[in-house]
Amino acid sequence: MALLEVQDLHVYYGNIEALRGISLHAEPGQIVAILGGNGAGKTTTLRTISGLLRPRSGSISCAGKSLVGVDAHVIVGMGVSHVPEGRRIFNILDVDENLALGGYLIRSQHQLIKERKAAVFTLFPRLAERRGQLAGTLSGGEQQMLAIGRALMSNPKVLMLDEPSLGLAPILAKSVLKTVREIANRGAAVLLVEQNARQALAIADHAYVIEVGRIVLEGGAAVLAKDERVQKAYLGGFESVGSA
Amino acid sequence: MLGMGDFLQYTVIGLTVGSFYALVALGYTIVYGIIRLINFAQGDLSMVGAFLGWTLLVSFGFEHLPVYLALVIAFVVPMIGTAIVNLGILQFAYKPLLRRSLLAILITALGMSLLLQNAAELIWGAAIEAYPPNLLPLSGFFVGPVHVTYVQIALVVASLLLMGGLVAFIQGTTIGTAMRALAVDHDAARLMGINVDAVIRIAFVLGAMLAAASGVMLGIYYVQIHFTMGFLLGLRAFTAAVLGGIGNIPGAMAGGMLIGLLEAYTTGYLSGTWEDVVVFGVLITVLIVKPTGLFGERVAERM
Ligand SMILES: Nc1ncnc2c1ncn2[C@@H]1O[C@H](COP(=O)(O)OP(=O)(O)OP(=O)(O)O)[C@@H](O)[C@H]1O
Ligand SMILES: [Mg+2]
């Protein structure tokens, strides 16, 4: 059984079925990309795994333990960390406080908090220079670094990222994705939702393509990058500006 | 110089009363910051605290204990008892409504205020009760023309200590940081591993404890207590919270002091009957001119 295992997930908003049987899995050290157009159900998938939404049916497990019906704040403690769409950092708190909240579950272990903060600052040196700055006044790129750093404070087994490169300059987007690769190389399983399919496939090991709540295509990232259907739908020339 | 003496005398009174308002206003503001709920029972929680303190001191006779011991009991036990009452209100009245309409919650909050008043009337009766008048020395001293009593000093110092403790908790602990984070984004807080329901309960406990402390202080200061005393107190403290920018903690403290001063000056220079006219007149003016409150940067709207 894989570290993260999702089986036949069905999720509704009221009467509208947003996920119509999603199955996927991820292993430690792997980046698994989730691609798909607007409204396909990518964010819904991540929100269901992290416990913000309840599935109507289907199963989710991390390291063999079921996550279905478990409260979101408990799921964090089970090793799943979610960097939500739009970053959603706490803009009225400073960088240090945002990171402290990322380590909320280990808040009484001051030494551990210090070590994890140091690790985040090694990964994102720009954050170290801005420890006392209000998060709302950070640049977009710095906010994304903070959102990722905050999620790493709980030392997750599974890290889920919802469009981390959105709104970033191409160079910055690339550097953020490179960092994501680094995080995976250290042993986390990474679930990466991206609009930027080309760059996502470049760093991913495996990928799923979602359309209207269903997985329509899956396979090795290198294989999918060459797939004609994927190229036509998601690797069109429109996003080639600036992408190498 | 006589005019100046009067002014300073009213200021001393105003700051004393203002510190009570500030404590109650903090309860409004903490709870509002987290769940956008005006807990209208806040003033009545203060009344409950006052009666619990009275029960201990007078009915149980703890007033005859050494004064420090009597005071510790008269503050700590009502603070705990009132916190339990507020947790009950949260659990049974507000929680089922939290994700429903704001109007339903608002009306429920008014209902809780009445419920506490009626319960208090049933338990303690409709008569005016009196705190032991000699609990603290009634004497004082003169600073120039201004008379300051030891009771005033003790109560203001106690209020400031409580407020300082609250600020230290909210600014200096991770749970306090989580409380501030909830003003911004509940879902993001959940993703940090924050048990949002537990933090809401902590906010209700803190709000109730401050209210109860202010109730006991009112009992000691004014001596007389009555089951309806929470109504005007709550309204004035609410005004204080709005003046300071609701959701804003330093604002609530400053707003409380301001309302206390306004009340003291009005009573001193005009007459007691003008108190509410002036206090609420100021509220309306502020709401028109600067709706976010005097110190208001706006509390970030929740998503
Ligand atoms: N809170 C909601 N209430 C009702 N419908 C919703 C809600 N959130 C999402 N949906 C619907 O569910 C479907 C999937 O949305 P989702 O946000 O998961 O898409 P997505 O793949 O993340 O899209 P995008 O790339 O634009 O972020 C969409 O049709 C959307 O309109
Ligand atoms: Mg999305």
Side-chain angles (χ1 to χ4, degrees), chain A residues 43 46-47 49-53 70-110 113 117 134-136 143 146-156 159-162, chain B residues 29-30 32-36 91 95 98-101 167-203 244-252 292-293 295-303:
Chain A
T43 297
L46 297 197
R47 287 173 63 83
I49 295 171
S50 62
L52 293 177
L53 294 172
V70 181
D71 285 331
H73 68 270
V74 180
I75 287 178
V76 178
M78 294 167 76
V80 180
S81 215
H82 179 177
V83 180
E85 188 170 25
R87 303 169 192 135
R88 295 173 74 163
I89 48 159
F90 302 111
N91 52 17
I92 59 165
L93 304 180
D94 66 26
V95 168
D96 251 334
E97 289 170 329
N98 270 275
L99 292 176
L101 288 184
Y104 188 78
L105 293 173
I106 51 161
R107 62 187 176 279
S108 52
Q109 296 161 259
H110 301 286
I113 291 271
K117 265 189 192 171
L134 282 189
Q143 292 192 4
L146 180 57
I148 297 174
R150 192 178 65 168
L152 290 175
M153 288 294 292
S154 61
N155 196 24
L159 178 65
M160 306 196 291
L161 302 150
D162 198 340
Chain B
T29 247
I30 298 170
Y32 182 86
I34 289 185
I35 53 175
R36 298 295 183 269
Q91 193 63 32
K95 211 166 161 221
L98 271 186
R99 285 181 183 83
R100 304 277 174 77
S101 88
V167 170
F169 177 77
I170 289 181
Q171 296 293 331
T173 69
T174 310
I175 294 180
T177 310
M179 287 177 66
R180 285 181 286 147
L182 285 187
V184 182
D185 191 334
H186 279 213
D187 273 354
R190 287 192 176 88
L191 294 180
M192 300 299 104
I194 295 167
N195 182 345
V196 170
D197 285 345
V199 176
I200 293 174
R201 283 195 289 274
I202 291 172
I246 189 142
N248 179 332
I249 285 174
T292 53
F295 312 93
E297 85 263 29
R298 206 173 159 69
V299 177
E301 284 300 332
R302 212 164 81 207
M303 338 198 22

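Just so we're on the same page: letters track the sequence lines, and every chain starts at 1.
When side chains are defined from C-beta on, B/D187 does not count as touching A/P84, because their heavy atoms never get closer than 4.5 Å.
Note that CE of B/M192 is 14.0 Å distant from CZ of A/R107, once rounded to the nearest 0.5 Å.
Nearest heavy-atom pair across B/A181 and A/L101 is CB-CD1, 3.4 Å.
For B/R180, the salt bridge (Lys or Arg N to Asp or Glu O under 4.0 Å) test picks out A/E97, with sequence neighbours left out. With sequence neighbours excluded, the residues that form a side-chain hydrogen bond (donor to acceptor under 3.5 Å, both in side chains) with A/T43 are A/E85, A/D162.
Contact of A/R87 with chain B is not made at all, since no heavy-atom distance falls under 4.5 Å. Interface remark: A/L52 contributes side-chain atoms only to the contact with chain B (heavy atom separation under 4.5 Å).
The side chain to side chain contact (heavy atoms under 4.5 Å, CB included) test with A/Y104 is passed by exactly one of B/T177, B/I194, B/N195: B/I194.
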Exercise. Test A/D71 against B/R190 for salt bridge (Lys or Arg N to Asp or Glu O under 4.0 Å), laying out the working first.
Key: CA-CA 9 Å; A/D71 285 331; B/R190 287 192 176 88; over 6 Å; no
Self-check item: Check against side chain to side chain contact (heavy atoms under 4.5 Å, CB included), A/S81 and B/L191
Solution: CA-CA 7 Å; A/S81 215; B/L191 294 180; over 6 Å; no
